[in-house]
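Residue numbers start at 1 and run along the sequence shown. No experiment lies behind these values; they were computed from the predicted model shown. Only this structure's heavy atoms are used, side chains among them; waters, hydrogens and symmetry mates stay out.
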Amino acid sequence: MPERIPAAERLLNLVIALLGSRYGRSKAFIRGRVNGYAPDPRGLDPVGAFDRALERDKDTLRSLGIPIITERHSEFDDEDSYTYRIDPAQYAVPDVRLDGEGLALLTVAARVWGQASFGPAARGALRKLALRSGVALHDDDTSVRSRIRTREPAFDPLWTALAGGHRVTFDYRRSGDATVTERTVEPWGLGNKYGQWYLSGRDVAAGGERLFRLSRIVAGVTIDTRAAFERDPGFRMADVLARLGTGTPHTALVDVPAGTNQRLRHEPRTVAVDGAPDGWDRLEVTYRDVELMADEFASLGAAALVREPDDLRRLVAGKLHAAAAASAVDATAVELTGRPRPRAVHTADSRDRLVRLLAMVPFLLANPGISVAAVAAEFDLGEAQLKKDLDLLIMCGLPGYYPGDLIDITWDDGVVFIRDADVLARPLRLSQDEACALLVGLAALAALPGGDAALLERVRGEVHAVAGDLAWLGDAVAVELVPDTTADTLRRFQSLVDSGHAVELGYMAAGRETVGVRVVEPLALFSMDSAWYLHAWCRDADGWRNFRLDRVISHRELDEPATSRHATVGPPEGSLYAPGPTDTEVVLLTDPRTADAVTDAFGGRQTKAGAGVVGVNLLVGSTAIVPPLIARLGGAARVGGPADVVATTRRWLADAVAAYPVVEPAVVEPVETPVVEPVEPAVVEPVETPVVEPVETPEGE
């Protein structure tokens with residue numbers, strides 16, 4: 001029995017055969033001459049099996065954006081009456097007019113996605129445009145960088161449905177409402193603002209446009225591939241995001257002990273008012289999203305007592321009571337196995353491998369003699385998998401498969417050379433993911449301070465031209481990196497970065513009630529989701545630290561030069577928290593989704609802990625941040641150890657619950673319409689996608 005050829009090898013041979021033919025290949029030619037379409041060894045309907053396999057393969061290639069042209073040459077219905085070919089002009093990325101400055105800007109745009117769903121697509125698109133422009137890629141040295149994440153499980157299926165124009169169905173929980181309803185939606189756009197992802201689309205039952213926060217989708221998204229629809233060609237997700245936060249604001253009255261809660265007092269949305277009992281101060285806090293505000297006040301525990309409105313008070317009380325109830329469970333009832341829990345990852349298939357191989361060939365042709373290690377790093381592969389890919393490539397080529405037809409690759413002495421692969425020399429045109437990633441990244445950069453508007457517009461125009469029919473995706477997805485309330489702050493701190501001087505900061509670290517003074521040497525600004533940070537050398541800690549801007553109470557430029565900028569350490573690519581030698585290891589017991597969110601922030605490790613329970617072992621510079629985190633999670637997590645942190649957290653929650661003795665269901669208005677959303681910079685996060693605010697120094701200073 002002949003050896004079965006891998007699907008990726010068969011698909012690649014088909015691409016080469018159709019791309020390398022000026023007049024097309026007939027079915028008879030493909031069946032008899034293209035490796036991978038061997039006759040059925042059992043002799044069972046060989047022609048029918050081949051026809052089905054070829055149709056599946058053509059559908060696969062078309063789904064990857066590879067256009068197959070079908071031409072009929074005869075009225076007779078036989079294997080020679082049709083031919084198939086791929087037009088090189090339609091297959092490949094067109095000529096790109098980008099210089100070094102343009103490529104550098106695209107690098108910044110691609111890095112907006114970091115490790116998000118579009119991260120690999122952004123890097124792939126960047127590689128393709130660099131190859132076509134003939135300009136070498138370099139790491140950007142911009143002093144303003146941004147990262148956005150797509151942690152919500154609903155993001156990937158919603159993006160697939162949006163790109164394909166299909167309806168979706170999902171279960172949805174409205175703001176402050178425990179009731180879950182099924183929604184059927186025609187997706188028009190996806191957008192991120194205040195660190196939250198939203199879906200905009202037509203609610204089929206309601207008959208109009210609605211906005212849904214992805215973190216409130218409580219069950220899997222079902223895509224109905226049979227129900228196609230037409231999007232409004234004038235729809236722009238950026239317009240939807242612009243309307244968020246323009247509704248009527250709400251006001252909360254909250255009592256805090258005198259002299260405490262300095263960060264809340266310094267918020268621009270906070271003013272002091274009369275009426276507090278002795279020993280307390282009364283603050284009036286403006287907000288737009290009741291759930292986000294409830295997270296904030298729950299994390300303050302007994303140090304803040306919400307007086308009104310009732311819906312906010314009940315939500316805060318509910319979160320604290322749920323956290324206290326979860327924390328009362330005996331942690332010894334859960335036995336940690338110690339076995340690492342792997343994070344959910346995309347399972348690669350033959351499509352993924354084919355796309356990688358089609359990208360690898362032009363990359364190798366453009367970089368003769370590149371090291372095996374460099375190729376593996378470029379494509380995020382282990383060297384063993386890379387060698388498997390290279391082994392597959394040498395089995396592929398033009399039909400005939402004689403010397404000169406087959407791709408010739410050598411990787412002796414740790415370097416790679418490739419020949420006889422000119423058919424694949426030009427990279428495949430941008431996919432939907434790649435076009436969207438770059439267009440949205442470029443649009444997001446427009447709001448950052450210190451940018452070159454003319455350069456940005458020129459590069460955006462070039463990417464639009466390259467994207468062609470896919471350019472509409474740049475309007476369907478939008479990311480707002482800089483809320484209006486943050487823009488002025490960023491401009492001020494950008495000037496401090498540019499000054500080259502040391503800066504004195506009045507700073508309140510997480511878990512602290514006093515404002516500390518730090519002397520720092522600013523290097524760069526960066527964001528993670530909606531939160532902005534200053535990356536600087538801290539003279540007090542004698543090391544690089546990240547300072548969250550909304551915790552900076554005051555700043556003053558000093559007449560002292562920054563002396564450590566020559567030894568730069570860039571902003572973090574993943575978790576913001578850098579563990580130190582004096583950190584305390586804390587174990588949280590939580591559900592898988594919350595575990596992933598906590599791990600994203602702290603970079604801890606996950607262990608299996610029984611059915612539906614995950615142990616998160618993380619290092620913290622100060623255990624004072626643990627009780628507020630548990631309160632914010634509202635019953636989704638409890639502390640499993642060490643014993644003193646368990647006891648401290650229980651006492652903290654008991655004091656908080658005592659301040660809110662009555663818990664009643666909260667009834668609030670839904671927020672899935674575009675007019676009821678927060679305007680404050682996201683200093684709080686929703687329970688569904690919790691984000692830990694790590695202490696900015698390993699020592700917990």
Practice task
Run the numbers on Asp420 and Ile407 for side chain to side chain contact (heavy atoms under 4.5 Å, CB included), then give the verdict.
Solution key: CA-CA 5 Å; Asp420 299 331; Ile407 296 174; 5.7 Å; no
Exercise for the section: Say whether Thr599 and Gln606, considering side chains only, have a donor N or O and an acceptor N or O under 3.5 Å apart. Expected result: yes
Problem - Glu182 vs Thr169 side-chain heavy atoms within contact, under 4.5 Å - result: yes
Handout entry: Residue pair Thr181 / Arg174, side-chain donor-acceptor N/O under 3.5 Å
Key = no
Handout entry: Pair Glu55 + Arg52, salt bridge at N-O below 4.0 Å
Key = no
Handout entry: SB check Arg236 Asp239 (cutoff 4.0 Å)
Key = yes
Practice task
Indicate, with yes or no, if the rings of Trp159 and Phe118 have centres closer together than 6.0 Å.
Solution key: yes
Practice task
Measure from the side-chain N and O atoms of Asp405 to the backbone N and O of Tyr402, and report whether any donor-acceptor pair falls under 3.5 Å.
Solution key: yes
Handout entry: Heavy atoms of other groups near Asp87 CG, more than 12 under 6.0 Å
Key = yes
Exercise for the section: Answer yes or no: is there an ion pair linking Arg123 with Asp380, defined by an N-O contact shorter than 4.0 Å? Expected result: no
Practice task
Check whether any side-chain heavy atom of Glu209 sits under 4.5 Å from a side-chain heavy atom of Trp188, and report yes or no.
Solution key: yes
Practice task
Using a 4.5 Å cut-off on heavy atoms from C-beta on, say whether the side chain of Leu64 contacts that of Leu354.
Solution key: yes
Handout entry: Flag, side chain of Asn367 to backbone of Ile370, donor-acceptor distance under 3.5 Å
Key = no
Exercise for the section: Indicate yes or no for a side-chain donor-acceptor contact from Asp413 to the backbone of Val415 under 3.5 Å, with no hydrogens or angles considered. Expected result: no
Exercise for the section: Please check if the side chain of Gln196 supplies one atom and the backbone of Lys193 the other of a donor-acceptor pair under 3.5 Å. Expected result: no
Problem - Short side-chain to backbone donor-acceptor contact, Asn192 and Tyr198, under 3.5 Å - result: no
Exercise for the section: Quick one: closest heavy-atom pair of Phe235 and Arg231, and the distance? Expected result: CD2-NH2, 3.2 Å
Exercise for the section: Indicate yes or no: at least one non-hydrogen side-chain atom of Leu365 is less than 4.5 angstrom from one of Leu424. Expected result: no
Problem - Short side-chain to backbone donor-acceptor contact, Arg429 and Gly65, under 3.5 Å - result: yes
Handout entry: Ala163 backbone acceptor or donor facing Gln432 side chain under 3.5 Å
Key = yes
Completion exercise
d(Ile394 CD1, Cys396 SG) to nearest 0.5 Å is 9.5 Å
Completion exercise
Leu393 and Leu12 have their tightest heavy-atom pair at CD2-CD2, 3.6 Å
Practice task
Apply side chain to side chain contact (heavy atoms under 4.5 Å, CB included) to the pair Lys27 and Tyr84, showing each step before the final yes or no.
Solution key: CA-CA 8 Å; Lys27 279 188 176 182; Tyr84 308 96; 3.4 Å; yes
Exercise for the section: Check the pair Leu392 / Arg353 against side chain to side chain contact (heavy atoms under 4.5 Å, CB included), numbers first and verdict last. Expected result: CA-CA 10 Å; Leu392 186 150; Arg353 195 177 189 191; 3.5 Å; yes
Handout entry: Note, Tyr401 side chain near Val34 side chain (heavy atom, < 4.5 Å)
Key = yes
Exercise for the section: Decide whether Ser26 and Thr83 meet the rule of one side-chain donor and one side-chain acceptor closer than 3.5 Å. Expected result: no
Problem - Arg25 side chain to Ala17 backbone, donor-acceptor under 3.5 Å - result: yes
Practice task
Examine the side chains of Thr60 and Asp57 and answer whether a donor and an acceptor come within less than 3.5 Å of each other.
Solution key: no
Handout entry: Nearest heavy-atom neighbours spanning Pro427 and Lys128
Key = CB-CG, 3.8 Å
Handout entry: Separation between CG of Asp422 and CD1 of Ile418, rounded to the nearest 0.5 Å
Key = 9.5 Å
Practice task
Return the orientation label for the Trp197 and Trp113 ring planes: parallel under 30°, perpendicular over 60°, tilted otherwise.
Solution key: parallel
Practice task
Answer yes or no: is there a donor N or O on one side and an acceptor on the other, between the side chain of Ser21 and the main chain of Leu18, under 3.5 Å?
Solution key: no
Practice task
Mind listing the closest non-hydrogen atom pair of Leu386 and Val372 along with its distance?
Solution key: CD2-O, 3.4 Å
Handout entry: Rounded distance (nearest 0.5 Å) linking atom CZ of Arg33 with atom CG of Leu398
Key = 10.5 Å
Handout entry: Flag for Thr70-Arg72: side-chain donor and acceptor within less than 3.5 Å
Key = no
Practice task
For the residue pair Arg173 and Val218, establish whether any side-chain heavy-atom pair is separated by less than 4.5 Å.
Solution key: yes
Exercise for the section: Would you please name every residue forming a side chain to side chain contact (heavy atoms under 4.5 Å, CB included) with Arg127, sequence neighbours left out? Expected result: Leu131, Ala359, Phe363, Glu378, Phe379
Exercise for the section: Please report the closest heavy-atom contact between Thr590 and Ala636, naming both atoms and the distance. Expected result: OG1-O, 2.8 Å
Problem - From CG (Leu445) to CZ (Arg111), nearest 0.5 Å - result: 12.5 Å
Problem - Criterion side chain to side chain contact (heavy atoms under 4.5 Å, CB included) on Asp591 and Thr594, from CA distance to verdict - result: CA-CA 6 Å; Asp591 60 86; Thr594 304; 2.9 Å; yes
Practice task
Indicate yes or no: at least one non-hydrogen side-chain atom of His166 is less than 4.5 angstrom from one of Asp224.
Solution key: no
With a cut-off of 3.5 Å and sequence neighbours excluded, list every side-chain donor-acceptor pair involving residues 90-98.
unit_1	atom_1	unit_2	atom_2	d
Asp95	OD1	Arg132	NH2	2.5

Handout entry: Glu186 and Arg167 ion-paired at < 4.0 Å
Key = yes
Exercise for the section: Would you mind reporting whether Val463 and Leu106 have side-chain heavy atoms less than 4.5 Å apart? Expected result: yes
Completion exercise
Scanning both residues in full, the closest heavy-atom pair of Gly189 with Leu162 reads N-CD1, 3.9 Å
Fill in the blank from the handout: Rounded to the nearest 0.5 Å, the CE atom of Met528 sits from the CZ atom of Arg149 at a distance of 5.0 Å
Problem - Sidechain N-carboxylate O distance under 4.0 Å for Arg210, Asp203 - result: no
Practice task
Look at the rings of Phe170 and Tyr172 and say which category their plane angle falls in: under 30° parallel, 30 to 60° tilted, over 60° perpendicular.
Solution key: perpendicular
Completion exercise
So CD1 of Ile66 and CZ of Arg62: to nearest 0.5 Å the spacing works out to 11.0 Å
Handout entry: Basic-acidic side-chain contact under 4.0 Å: Asp99, Arg458
Key = yes
Handout entry: Polar contact flag, side-chain donor to acceptor under 3.5 angstrom, Tyr37-Asn13
Key = no
